[in-house]
Amino acid sequence: MTTFAYRELYCPAHFGNTHEVMSAAEMRETLEEAARWGYNVYGDWFDTADIKNPLEGAGSEHLLPQELWERKLRNFRIAQEVGLDTNLMLTSNHVYLNQLRPDLLADTSRDRRMFGQLICPSKPEAREIILGNARDLFRMLKEWGVELGNLHGFAFDYGGCSCPECEPWIVTVAELMLEAWEIAQEYFDDVTPRLIGWWVTAEEHRLLADWANENAPGFFKSCALHIKYGQSAPDSHVPLPDGCEPHAFVHIGYNDTPSEPKDVYGIWGPVAAARRLQATARDLRDFGCTGYVTYDEGLFDDVNRAIWAALTSGRAQSATNVMEEYARRYFDAGDDAPAWAEWLAQWGEPWEVDYPSAREEFERLISRLSEPFLRSGGERLSPQLNARLAAWECKLRLFELDARLRAMDEWHAEGVELAARFVDELEWMQRNCWGTGPLRHAITPHFQRPTWWNAYREAAGIRQLSDLASIDDEA
């Protein structure tokens, strides 16, 4: 396998995910392990969704904004201390809640990719707010002792404005990045400007390259190109600015092949994508990529995190080899490491697993582990003894229950009880294996619900906040 020079683990600490709730010791262990497997850059995003500016009230209160920003700054310091380079993501015009004003709002009516807490950078006061937020981030990082090495710019998710003055949006983003980088130079001696191609079209890439070559030749050092779900490389080669290396934005938070519902973001338990990630390493090499940004939403993708880093850093030649080493390192698997690797790999296609056989093999392998990894005081594996194994057993249990529920023709008391057990299992896994609390946005179990979910809700009389609209209509 080719060794990629730039190997970033992008860990956005937001939405209640494990990166957001980790203690300093947990984050240090996570990043030490990431470096061991082969990553050499750590990245995060100061995501302003749902929060006000933490600097307003910083001296008189310590609420969610202040706590989140302190944790992010702490994590950058930890990453630097364990030997990783650092990267800050900037999402163009996504601002704090208390910076939204009707006269400054962005126009997002014509492009579904544009959403968030957005203001229009073509309005001078809004542009001043956007760049002022960037300056505050650079100043905070510097004051916490972080020497920022890289700066990536996102155009979408969150971001966007389709007003006439901002079109084409991709050029407006490039102009903002250039201005933000000039501010960053006031705080850091050597910060490298880069781009993220998430949701960027081929035509937008052409417009960006034309603008950059004329107005900022050689400025952007790389662009992490978008890889769609289920694919192992970008759709095609697109124009990039002169001197801009092709990188890739690699999503490790789902299994081998997307299905409906998707096995993504840990909503159905930990994920494994051995076949997809091995193909991606091969195809990105053939594509000519020299680096990547690994999109990591939490501990549920721990197996994929190891596979991807080891394959692309030259530590391993196959995903199977990585999973064997993973099992020896974290499960104390010994001679059973190949069997554990095979057991993990089958979850690349979780709805095709033979669950009775998977259960039988799991119990056989568990019985052969040393005492610290065995069950403690009940049916479940103890997360205090081995959270990784406990989470994988939860996944098996979830799919065992799901298979029984999908086979039901009519809903009755037994089905309601089974579905309630499914919900309990999911919540137990989130709380006890990963320590998460209220999950938000795309990583909440409100999305990717089981196929039987609506039937269960109706049979059990379960309501959700989204039902209030229909209640109001009925009233």
Side-chain angles (χ1 to χ4, degrees), residues 12-21 47-52 63-65 68 94 97 100 108 112-118 157-158 229 253-255 258-271 297-301 350-351 391 394-395 397-475:
H14 60 173
F15 303 148
N17 68 8
T18 54
H19 303 319
E20 185 175 275
V21 303
D47 179 3
T48 61
D50 295 341
I51 66 171
K52 65 177 183 177
L63 300 175
L64 185 64
L68 293 183
H94 184 54
L97 280 174
L100 295 173
T108 60
R112 295 182 63 186
R113 297 173 298 172
M114 298 180 179
F115 55 88
Q117 297 163 197
L118 309 180
D157 191 10
Y158 298 116
Y229 270 102
Y254 71 100
N255 59 311
S259 56
E260 290 298 334
K262 289 187 177 71
D263 185 14
V264 64
Y265 297 138
I267 294 171
W268 287 82
V271 295
E297 278 283 1
L299 291 179
F300 66 89
D301 59 27
W351 277 274
C394 284
K395 186 180 190 75
R397 205 186 303 266
L398 286 170
F399 277 86
E400 288 171 332
L401 290 167
D402 177 67
R404 293 174 64 183
L405 288 161
R406 281 188 285 117
M408 294 185 61
D409 294 325
E410 296 182 5
W411 278 82
H412 39 70
E414 180 188 3
V416 171
E417 181 184 354
L418 286 175
R421 285 172 54 191
F422 179 96
V423 174
D424 288 345
E425 191 72 32
L426 177 60
E427 292 180 347
W428 189 92
M429 176 183 64
Q430 295 282 359
R431 289 291 305 129
N432 291 279
C433 296
W434 300 327
T436 54
L439 297 171
R440 309 179 296 281
H441 202 57
I443 66 174
T444 173
H446 276 69
F447 300 102
Q448 310 305 330
R449 288 292 196 187
T451 56
W452 42 264
W453 183 254
N454 287 335
Y456 164 57
R457 286 187 60 210
E458 183 176 351
I462 294 174
R463 302 207 69 89
Q464 297 178 168
L465 194 60
S466 58
D467 297 331
L468 291 179
S470 60
I471 293 173
D472 184 65
D473 291 342
E474 292 167 5

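Residue numbers start at 1 and run along the sequence shown. Note that these values count all heavy atoms, side chains included, but never hydrogens, waters or copies made by symmetry. Treat the numbers as computed from the prediction; the structure is a model and nothing was measured.
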- For Gly16 against Val21, the heavy-atom pair lying closest together: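 Heavy atoms only, the tightest pair is O-CG1, 4.1 Å.
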
- Message: I need the minimum non-hydrogen distance between Phe115 and Asp157, along with the two atoms involved.
- Response: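 Result for this residue pair: CZ-OD1, 3.4 Å.
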
So does [Y] get a backbone contact from the side chain of [X], meaning a donor-acceptor N/O pair under 3.5 Å?
X	Y	answer
Asn17	Pro12	yes
Lys395	Pro270	yes
Thr436	Gln430	yes
Glu297	Tyr265	no
His94	Gln117	yes

- Item | Identified ring-ring contact (aromatic ring centres under 6.0 Å, His included) counterpart of Phe422 within the set Trp268, Tyr456, Trp453 |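 With Phe422 as partner, ring-ring contact (aromatic ring centres under 6.0 Å, His included) holds for just one option, Trp268.
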
Do [X] and [Y] make a side-chain contact, defined as non-hydrogen atoms from C-beta onward lying under 4.5 Å apart?
X	Y	value
Trp428	Cys433	yes
Asn255	Trp351	no
Gln448	Val264	yes
Thr444	Phe15	no

Quick one: list whatever passes ring pair (Phe, Tyr, Trp, His ring centres under 6.0 Å) with [X], sequence neighbours left out.
X	answer
His446	none
His19	none
Trp434	none
Tyr254	Tyr229, His251

Measure the spacing between [atom1] of [X] and [atom2] of [Y] and express it to the nearest 0.5 Å.
X	Y	atom1	atom2	value
Asp424	Glu417	CG	CD	10.5 Å
Ile267	Leu426	CD1	CG	8.5 Å
Asp263	Phe399	CG	CZ	4.5 Å

- Task: Among residues two or more places apart or on two chains, list those pairs meeting salt bridge (Lys or Arg N to Asp or Glu O under 4.0 Å) that have a residue in residues 403-414.
- Result: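 Those involving residues 403-414 are Asp402-Arg406, Arg404-Glu414.
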
- Query: Can you list every pair that meets salt bridge (Lys or Arg N to Asp or Glu O under 4.0 Å) and has a residue in residues 440-462, with sequence neighbours left out?
  - Reply: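 Checked against salt bridge (Lys or Arg N to Asp or Glu O under 4.0 Å) - neighbours excluded - the pairs reaching residues 440-462 are Glu20-Arg440, Arg457-Asp467.
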
